[in-house]
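Chain letters run A, B, ... following the sequence lines, proteins first and then strands; every chain starts at 1.
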Amino acid sequence: MAFQAYQGEGWLLTKAEQLINWGRSRSPWPFPYGTACCGIELMAALASSYDMARFGAERVGFSPRQCDVLIEAGTITKKMVPILKTIYDQMAEPKWVIAVGACACTGGVFRTYSTQQGIGSIIPVDVYIPGCPPRPEGILYALLKLLDKIQEDHPLYKKRQEVAEALEATK
Amino acid sequence: MSLKERVLNCLKDDVIAVTEHRGDLSVEVPREKIVSVLTRLKDDPDTSFDFLSDLFGVDNLDLYKKKKKPKKKAEGEEEKVEEDKGPPPPRFEVIYLLLSLKTNERLQVKIRVPEDDMTVDTVTCIWKAADWPEREAFDMFGFKFKGHYNLRRLLMWDEFEDHPLRKDYPLEGKGEVRHLKYE
């Protein structure tokens, strides 16, 4: 656990970063962006038999402004690229991206004029899941990997760096 | 009367070629008369092809090129001179698949379109259903459907410049990218 409890009246000692990471990693609200058959597997992972809500991904949001994890499940055509980019830009920080399936990772079997060869060149991706399509266990495993990544994050340190950079830029 | 006789009776002189393959009848007609031909096939009570199932383009870029096959010659055999079959037919085709809801018969109507003049009269005045198939054929092959009320690209984005289903377009594209534009 990220904090230590002392006997007695009851108070906690913890580091602010660990407290923030604890909160973030226990409520990753996913944004389902299903564009192909991987979306069906994503639905199965969210539904009751696999139940992604066990790991905190309880509330599936359909507004990018209220979500933390963009789960991109499916093929992205070149016509779709600006829409994906807009949705990613609309999400508030902090935000993470999971690329589900071969198409989202590399373009998959669709090595053609109309298909984007992997979404990694458009938006930063945190976890890639291979498979065509991956099983719901794969999606759950990716979510757990993402939670590990969130817990090793340094949100305050990053914030301080951002502020320092902004100050540097104004000088 | 068989379907072939009825169709020939309906179209009379406008038929360039008729082929039948495994029970499927196919008729080639002149490009300029496509609207009149389809209207007659629809209105004639003998044929009554009142339903357009599909409309699409075909690119025959390499089909009519002479094949270079080094034939093994048996000794003493004289070299055969290939017959001159005249100039090859125009490169593109537009194919209309018709269905008669009354008799449940199908017919394929074909027109040929040369590369230097890609205009074809629209059939949206006969069937509303030709709207999107014509837009798709324009998008993929570049046919200019004269009289179509909204001839924009259907599958590719508006700024795309090529026609990707043509045989001389590379499979992986020419590096076209759609850019994000804020208004």
Are [X] and [Y] ion-paired here, with the side-chain N under 4.0 Å from a carboxylate O?
X         : Y         : value
Asp62(B)  : Lys167(B) : no
Lys78(A)  : Glu176(B) : no
Asp121(B) : Lys146(B) : yes
Arg6(B)   : Glu105(B) : yes
Asp89(A)  : Lys85(A)  : yes

Quiz prompt | Residue, of Leu171(B), Val177(B), Asp162(B), that accumulates the most heavy atom pairs under 4.5 Å with chain A | solution = Leu171(B)
Quiz item: In terms of side-chain heavy atoms, does Arg40(B) have a donor or acceptor partner in Ser36(B) at a distance below 3.5 Å?
Solution: yes
Self-check item: Sorted by number, residues from residues 60-69 of chain A in contact with chain B (heavy atoms, under 4.5 Å)
Solution: none
